[in-house]
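As structure tokens, the structure follows; a few thoughts come after it.
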Amino acid sequence: MTARVLERFLPDEDATTLFGEDIAVALRPGDVLALKGDLGAGKTTLARSIIRALAGDAELDVPSPTFTLVQSYEARIPVHHFDLYRLGEPDELEELGLFEATEEGVALVEWPERAGDRLAGAIRLELHDSGEGRLAVISGPEEAMLRLERSFAIRDFLNNAGELRAHRAFLLGDASLRAYETLTTRLGARRILMNAPERRDEPLLACGRPYSQVAHLAQSVAASVATANAIRARGFAAYQVYAQDLETGLLLTEHLGETPFLSPEGEPVTERYVEAARLLAALHRDAWPKEMPVNDQLIHELPPYDREALGIEVSLLTDWYMPFMAGRPANDAERAGYMEHWNRLFARLEHFEKNLVLRDFHSPNLIWRAEREGFDRLGLIDLQDAVCGPAAYDVASLALDARVTMSEALERAVVEAYCAARAEQGPFDREAFDEAYAICATQRNSKLLGTFVRLEQRDHKPFYIKHLPRIRAYLRRAMRHPVLDELRVFYEEAGFLSGDEA
């Protein structure tokens, strides 16, 4: 069913190139884009722009497939460029492999009318002369049209922000609703575009609220703006926000750098982790305000990392991980026993130091900037889900990094660096910290076991499952602390800790 018709005016060839980038970031595997227009209307120019954007190569040679009928390219999404002008019969599409091409890739099809009714579910784009330029008219399936509409809204946001002619390139989509793009302005500056529409229409839990609200996850980009501004104001390297549309869920921010926190081989670098631990200690030197300004009219209230939020997170283990491992859902008695153990631990956690918790303080959200000095060497991203909770939580997130195997020696180095820096600041209760660290590490890694299974089964993102052995190994480490004895026995009896070491 066609959702709507979209129109975009393209005054010149440069606008057509940018329009191709707008389409490229919206395409998904399985899409067929049928391009129609008179000779010289710009179909091949548009197709070339889309292919180059998908390939991330503005100079990629993209010849017309007039004589070969199809040209294929390795890209972020494999892309296949068809020209059906010389097609004899629609049945020949089978021989060309058009339908196989869209199983894991996208197809751009010129002269789609030669395919008869074989492209019924395609996105259709027609180019018409309009004054000195061209008018692009797009129609297609509802879901695809929503993606394109969102992409065009991003282009309008950039134009309104003064970034005319900015080039867009897909950067990543994380484990949430957010997606990111790298922007290059007409002056060559690099920016980051955060695309995070407000959370809506989420399934409700038994309490009548969605998971994200109970867990105090950010509901809009306002949280990103407020937290980044607050952290920058204290001299740390959070991103500057250049433009924002809170209602639409779009931010244009500083590009903090290209160097990942891990080594080029994807391994942890001790110096960087130790420096990040010291940065955490500096973040925890003073208390953070509960209210953080977004703009002159709006205040973001830093949510508490309370028992309800911590509890809904660990419930992911019984909701998702247990059925995945045991082949059956947890029964009521198992759930009740599990939460009884956790509630006793949460009660203990309430007595320990609370401070700013960024929640995912680990390698994917740290940028290494070797050319800088001090804590400015560490760029901080993914700040929107910050809460006020146990100060030990982010230390556990860093020292037991879920995305890379942390040796016990490196874990100890991170913890000791943090504790030494805190002790230099003044009185520091190491015994209390060690207990809070063990509980937080166990809570976080229990949550991650459930989260990674949920991402694979519900969200069709199987690449997170590979981390499960590492997370189980981290749990076994964290639960050595005596405060976890009862919970460890429960986990062992339930089989939660069984599996190969990372």
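Nearest approach of Arg470 to Asp401, heavy atoms of both residues: CD-O, 3.8 Å.
The ring of Tyr180 has its center no closer than 6.0 angstrom to the ring center of Phe170.
Counting only distance, with no hydrogens or angles, the side chain of Ser407 and the backbone of Leu410 share a donor-acceptor pair below 3.5 Å. Under the 3.5 Å distance criterion, the side-chain polar atoms of Arg359 are matched with a main-chain donor or acceptor of Asp385. In this structure, Gln219 contributes its side chain and Leu217 its backbone to a donor-acceptor pair below 3.5 Å.
Ring orientation note: the planes of Tyr338 and Tyr491 are close to parallel, at an angle under 30° on the 30°/60° scale. Between His467 and Phe452, the ring planes lie tilted relative to each other; the angle falls in the 30° to 60° range.
A donor-acceptor contact closer than 3.5 angstrom links the side chains of Ser151 and Arg168. No side-chain donor from either of Tyr437 and His481 sits under 3.5 Å from a side-chain acceptor of the other. Remark: the Glu291 side chain and the His300 side chain contain no N/O donor-acceptor pair separated by less than 3.5 Å.
To the nearest 0.5 Å, atom CD of residue Glu492 and atom CZ of residue Arg488 are 5.5 Å apart.
Stacking of Arg234 on the aromatic ring of Trp288 is recorded, both the 6.0 Å distance cut-off and the 45° axial limit being met.
Here Glu408 pairs with Arg480 in a salt bridge; the nearest charged N to carboxylate O distance falls below 4.0 Å. Between Glu271 and Arg377 a salt bridge is recorded (basic side-chain N to carboxylate O distance below 4.0 Å).
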Query raised in the report: Going through the checks in order, is the side chain to side chain donor-acceptor pair (under 3.5 Å) test met by Tyr239 and Arg191?
Result: CA-CA 10 Å; Tyr239 45 82; Arg191 302 281 185 261; over 6 Å; no

Requested in this report: Determine, stepwise, if the pair Glu353 / Arg422 fulfils salt bridge (charged side-chain N to carboxylate O under 4.0 Å, His left out).
Outcome: CA-CA 12 Å; Glu353 179 192 359; Arg422 291 299 308 276; 3.0 Å; yes

Requested in this report: Evaluate the salt bridge (charged side-chain N to carboxylate O under 4.0 Å, His left out) criterion for residues Lys461 and Glu456: first the C-alpha distance (whole Å), next the side-chain angles of each, then the deciding distance (0.1 Å), finally the verdict.
Outcome: CA-CA 5 Å; Lys461 298 178 179 180; Glu456 190 267 345; over 6 Å; no

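No more than 12 heavy atoms of other residues, nucleotides or ligands sit less than 6.0 Å from atom CD of Glu59.
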